Undergrad: 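My questions will all concern the structure given below.
All values reported here derive from a predicted model rather than from experimental measurement. For the numbers below, each heavy atom of this structure counts, side chains included, while hydrogens, waters and symmetry mates do not.
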Amino acid sequence: MKRYLFILLFLCLQVRAEDGYKLWMSYSKIEDPKTLNFYKPRLQAIVWEDKDLEVAVEEVKLAIPKLLGITPKKGGKNGLILKVNPQINITNPEGYKVSVSGQSITIEAPRSVGVLYGVFHLLRCIQTGQEPAGEFSPKIQHRMLNHWDNNNGTIERGYAGMSLWKWYELPERLDPRYKDYARANASLGINATVINNVNASARFLSSEYLVKVKALADVFRPYGIKVYLSVNFASPRILGKLPDADPLKPEVQKWWKEKADEIYSLIPDFGGFLVKANSEGEPGPMDYGRTHVDGANMLAKALKPHGGMVFWRAFVYAPDPKGDRFKAAYEEFKPYDGQFDDNVIIQVKNGPIDFMPREPISPLFTAMEKTPLAMEFQVTQEYLGWATHWVYLASMFEECLKTDTRVKNRKTTLSEILQGKTFGYRHTAITGVANTGSDRNWTGHPMGQANWYALGRMAWDPDLGAKEIAQEWISQTLSRDSKTVSDIQSMMLSTREIYVNYTSPFGLHHVMGEGHHFGPEPWVEKAPRPDWTALYYHKADEKGIGFDRTNTGSNALAQYPKEFSAPFSSLETCPEEFLLWFHHVPWDRKLKNGDIFWEAFVKKFYQGVKEVEGLQRDWEKVKGKVPQETFENVSARLKTQHKEAIWWRDACVLYFQTFSKKALPAGLKAPERTLEEVKKIVDVYHIR
């Protein structure tokens, strides 16, 4: 009987171990003889003296027995040697050096956090079958997650359960998950986290909540992670009971200074503030006739004595039915270049609209020569199928970061600009809107974990490629069998383009459901703002489709360097994936492959559906080669994705056919539903 109970317990533990909770840190046993022969003799012991290295040592003690089947002893002359050495010559103070000599591996860094990063590098190398030696430094200074979590436990644009932060339990109880969250981020080199929504409640700045924030900061600190808060610009009025929050009034400035002093008395290494101001109804300095400079610099002065930073979001746009939201951020911020205090960073979304499946880069990145800019990517899939669609976002990040901006009339990638190489930025930053939640596997869709992983790796080194990162993640998470890794890697690298094909081909954008941003609603013509409708963007009519942003239209292209914009300005030379971003394309226009645009447009939607079917077949081939729970979870979500891909196809093809008045290309079967039937699908989403 005892034997059967033991077997049952073992099986239960195995299931628990494969449910995705451990992310890329499950540390499953290494089988490769070459890897074992290299690492086992060199990891028989751990040598360290600095007390600040306890979390690094703890990770080694957790991982090595699982990976290599050995338990390192403490001390000795050989083994894993961990050293904090302030005198070591390293490019970046957060960097580290790994050297191999005889039966030893030494990880040395100027700071303890560098040693911790070195340990995670070592563990990654063990799991991916690589040798660890070299010098490694982050290319970006501020590597940050932005959480859009609210104090009631909900997450705006969150698709993996409720908030990780249990505010009602803090500060007395610390959920063990907080430490695992910190470990996961440290393993990627993420060194900052904004723990609350940019549409911020002033309550987060109350004394009641600051002690809760302090409790989280205390957990994160040993892992090199600074805590930031999103702040409500009207907090002096809401919390301080002042008549207003005018940033030029001394009493408002005094309130923020005293609030900063209070925060730093609790959290000495507090990172600073993230601010969404005068955007989508949020309060800001323009409420009082002031400017972004006035608001940002007031907060910067309150934080500066403590070393804090202000991240001021550029996501500001006026509701102009005759304007072009594409141009808004540039028009709002370019005039103020060079006027912000030196602890202000302007945080810019990767594209000019709002995290669409494919966007050109924001023109602000090529324009702000005197003001540091932070890249804001979205990891949560607000416009990319939430947690039911498999979309590997590293492909999109890489496309964006490797864009040749042609700044200064030479090859200049966006990655180089963000690293400060082009304009000499004093601060550099990459942020990502997090996809974490209370789901046991953290991200809802198991493959969504790879997007969190990719954000961290690319924030450390924005020149890393999506292919390399996918291989790392798969080897640490799903399988180390070379064929299985290669097969899953190929699937991952195809997913972003597949999603684009069945939702937004040729640069079609902003045709999702109004408000909830789920599913297709290209027919939306009424919304609280004109630029929240679909018609504002696609401008379909009997002649064609797309937004003319050339000099015959809104002339948004003029915001880019001329050498960059030149190919986009002509229908003949515009890359086809961006056609509808910059041109109103005639339905009859012939493309390079010989199809008229209408035919090519429709074929993309059908192609996307077929490609999801291909994903389903390919995923079936890895059954038994990846954790069973992950396999079943992804299989089920692929069924949903296929159903919704057909929904997108039918909605867009049927709707835009009402303008083109053309038949479907030969060989394509017409949708089984009518347009009116498809429109009814979304009715339920608008029921309050």
Undergrad: Is the closest basic N to carboxylate O distance between Asp595 and Lys603 below 4.0 Å?
TA: yes

Undergrad: With a cut-off of 6.0 Å (strictly less than), are more than 12 heavy atoms of other residues, nucleotides or ligands near NZ of Lys334?
TA: yes

Undergrad: State whether the side chain of Tyr536 and the backbone N or O of Gly323 hold a donor-acceptor pair below 3.5 Å, judged by distance alone.
TA: yes

Undergrad: At what distance, to the nearest 0.5 angstrom, does CG of Asn451 lie from CG of Asn435?
TA: 6.0 Å

Undergrad: Does some side-chain heavy atom of Ser230 sit less than 4.5 Å from a side-chain heavy atom of Asn146?
TA: no

Undergrad: Charged N to carboxylate O under 4.0 angstrom, Glu577 versus Arg358?
TA: no

Undergrad: Set out, in order, the CA-CA distance, both residues' side-chain angles and the distance that settles side chain to side chain contact (heavy atoms under 4.5 Å, CB included) for Leu615 and Leu638, then state yes or no.
TA: CA-CA 8 Å; Leu615 270 183; Leu638 281 170; 4.2 Å; yes

Undergrad: Does Lys526 pair with Glu514 as a salt bridge, N-O distance under 4.0 Å?
TA: no

Undergrad: Between atom CG of Leu393 and atom CZ of Phe377, what is the distance when rounded to the nearest 0.5 Å?
TA: 10.0 Å

Undergrad: Going by ring-ring contact (aromatic ring centres under 6.0 Å, His included), name the residues that satisfy it together with His509, two or more places apart in sequence or in a different chain.
TA: Tyr537, Trp581

Undergrad: Which heavy atom of Ser565 sits nearest a heavy atom of Leu557, and at what distance?
TA: CB-O, 3.5 Å

Undergrad: Of Phe547, Phe597, Phe605, which is the lone residue that meets ring-ring contact (aromatic ring centres under 6.0 Å, His included) with Phe506?
TA: Phe597

Undergrad: Taking only residues two or more places apart in sequence, or in another chain, which ones meet Arg496 in a salt bridge (charged side-chain N to carboxylate O under 4.0 Å, His left out)?
TA: Glu399

Undergrad: For the atom pair CD (Glu472) and CD (Gln489), what is the distance rounded to the nearest 0.5 Å?
TA: 10.5 Å

Undergrad: At what distance, to the nearest 0.5 angstrom, does CG of Asp548 lie from NE2 of His584?
TA: 9.0 Å

Undergrad: When you measure from the side chain of Asp404 to the backbone of Thr412, do you find a donor-acceptor pair of N or O atoms at a distance under 3.5 Å?
TA: yes

Undergrad: Listed by chain and number, what are the salt bridge (charged side-chain N to carboxylate O under 4.0 Å, His left out) partners of Lys402, not counting sequence neighbours?
TA: Glu398

Undergrad: Output all residues satisfying salt bridge (charged side-chain N to carboxylate O under 4.0 Å, His left out) with Lys562, sequence neighbours left out; order by chain, then residue number.
TA: none

Undergrad: Considering only NZ, NE, NH1 and NH2 on the basic side and carboxylate oxygens on the acidic side, decide whether Glu376 and Arg313 come within less than 4.0 Å.
TA: yes

Undergrad: Would you say Asn441 and Glu629 make side-chain contact, with heavy atoms under 4.5 Å?
TA: no

Undergrad: Under the criterion side-chain hydrogen bond (donor to acceptor under 3.5 Å, both in side chains), I'd like the reasoning laid out for His389 against Gln381: C-alpha separation, chi angles, the key distance, then a yes or no.
TA: CA-CA 9 Å; His389 293 236; Gln381 294 174 216; over 6 Å; no

Undergrad: Are the side chain of Tyr560 and the backbone N or O of Ile361 linked by a donor-acceptor pair below 3.5 Å?
TA: yes

Undergrad: For the atom pair OG (Ser415) and CG (Asp461), what is the distance rounded to the nearest 0.5 Å?
TA: 7.5 Å

Undergrad: Side chain to side chain contact (heavy atoms under 4.5 Å, CB included) for Phe355 and Val433? Distances and angles first, verdict last.
TA: CA-CA 10 Å; Phe355 300 134; Val433 181; 4.2 Å; yes

Undergrad: Checking Trp24 now: which residues fulfil ring-ring contact (aromatic ring centres under 6.0 Å, His included) with it, not counting sequence neighbours?
TA: Trp452, Tyr453

Undergrad: When you check the gap from the basic side-chain N to the acidic O, do Arg529 and Asp531 get nearer than 4.0 Å?
TA: yes

Undergrad: Heavy atoms only: give me the nearest Ile155-Gly161 pair and the separation to one decimal.
TA: CD1-O, 3.8 Å

Undergrad: Give a yes or no answer on whether the side chain of His538 reaches the backbone of Ala540 with a donor-acceptor pair at less than 3.5 Å.
TA: yes

Undergrad: Is there a side-chain contact between Lys139 and Pro462, using heavy atoms and a 4.5 Å cut-off?
TA: yes

Undergrad: Of all residues at least two apart in sequence or in a different chain, which pass the ring-ring contact (aromatic ring centres under 6.0 Å, His included) check with Phe568?
TA: Phe564, Phe578, Phe582

Undergrad: Do Ile430 and Leu455 have side chains that approach each other closer than 4.5 Å (heavy atoms only, starting at C-beta)?
TA: yes

Undergrad: I need the full list of salt bridge (Lys or Arg N to Asp or Glu O under 4.0 Å) pairs touching residues 315-325, with sequence neighbours left out, sorted by first then second residue.
TA: Asp324-Arg549, Arg325-Asp354

Undergrad: Is the shortest side-chain heavy-atom distance between Thr128 and Gln471 below 4.5 Å?
TA: no

Undergrad: Among all residues two or more places apart in sequence or in another chain, which pass the side chain to side chain donor-acceptor pair (under 3.5 Å) test with Glu563?
TA: Arg406

Undergrad: Are any non-hydrogen side-chain atoms of Phe656 and Leu508 less than 4.5 angstrom apart?
TA: yes

Undergrad: Are any of the side-chain heavy atoms of Met396 and Glu359 separated by less than 4.5 Å?
TA: no

Undergrad: How long is the straight-line distance from OG1 of Thr484 back to CG of Leu478, given to the nearest 0.5 Å?
TA: 9.5 Å

Undergrad: For the residue pair Tyr502 and Tyr499, does the interplanar ring angle fall in the parallel (under 30°), tilted (30 to 60°) or perpendicular (over 60°) class?
TA: perpendicular

Undergrad: Tell me if a side-chain donor or acceptor on His510 pairs with a main-chain N or O of Ala534 at a distance below 3.5 Å.
TA: no

Undergrad: Salt-bridged, Glu572 to Arg589, with N to O below 4.0 Å?
TA: yes

Undergrad: Looking only at atom types and distance, does a side-chain atom of Ser660 sit under 3.5 Å from a main-chain N or O of Gly544, one as donor and one as acceptor?
TA: no

Undergrad: In sequence, state the C-alpha distance, the side-chain angles, and the governing distance for Glu644 and Thr388, and then conclude on side-chain hydrogen bond (donor to acceptor under 3.5 Å, both in side chains).
TA: CA-CA 9 Å; Glu644 292 174 356; Thr388 53; 3.2 Å; yes

Undergrad: So, Tyr392 side chain and Ala466 main chain: donor-acceptor pair closer than 3.5 Å or not?
TA: yes

Undergrad: Mind checking whether Trp598 and Trp587 have parallel, tilted or perpendicular rings, split at 30° and 60°?
TA: perpendicular

Undergrad: Check side chain to side chain donor-acceptor pair (under 3.5 Å) between Ser635 and all other residues, then give those that pass, not counting sequence neighbours.
TA: Trp619

Undergrad: Run the side chain to side chain donor-acceptor pair (under 3.5 Å) test against Thr403 and tell me which residues pass, sequence neighbours left out.
TA: none

Undergrad: Should we count CD of Glu672 as having more than 12 external heavy atoms under 6.0 Å?
TA: no

Undergrad: Taking the side chain from Glu416 and the backbone from Thr413, do they hold a donor-acceptor pair closer than 3.5 Å?
TA: yes

Undergrad: With sequence neighbours left out, what residues match Glu382 under salt bridge (charged side-chain N to carboxylate O under 4.0 Å, His left out)?
TA: Arg157

Undergrad: Check whether any side-chain heavy atom of His583 lies under 4.5 Å from a side-chain heavy atom of Cys574, and answer yes or no.
TA: yes

Undergrad: With a sphere of 6.0 Å drawn around NZ of Lys679, does it hold more than 12 non-hydrogen atoms of other residues, nucleotides or ligands?
TA: yes

Undergrad: Side chain to side chain donor-acceptor pair (under 3.5 Å) with Ser475: which residues, sequence neighbours excluded?
TA: none

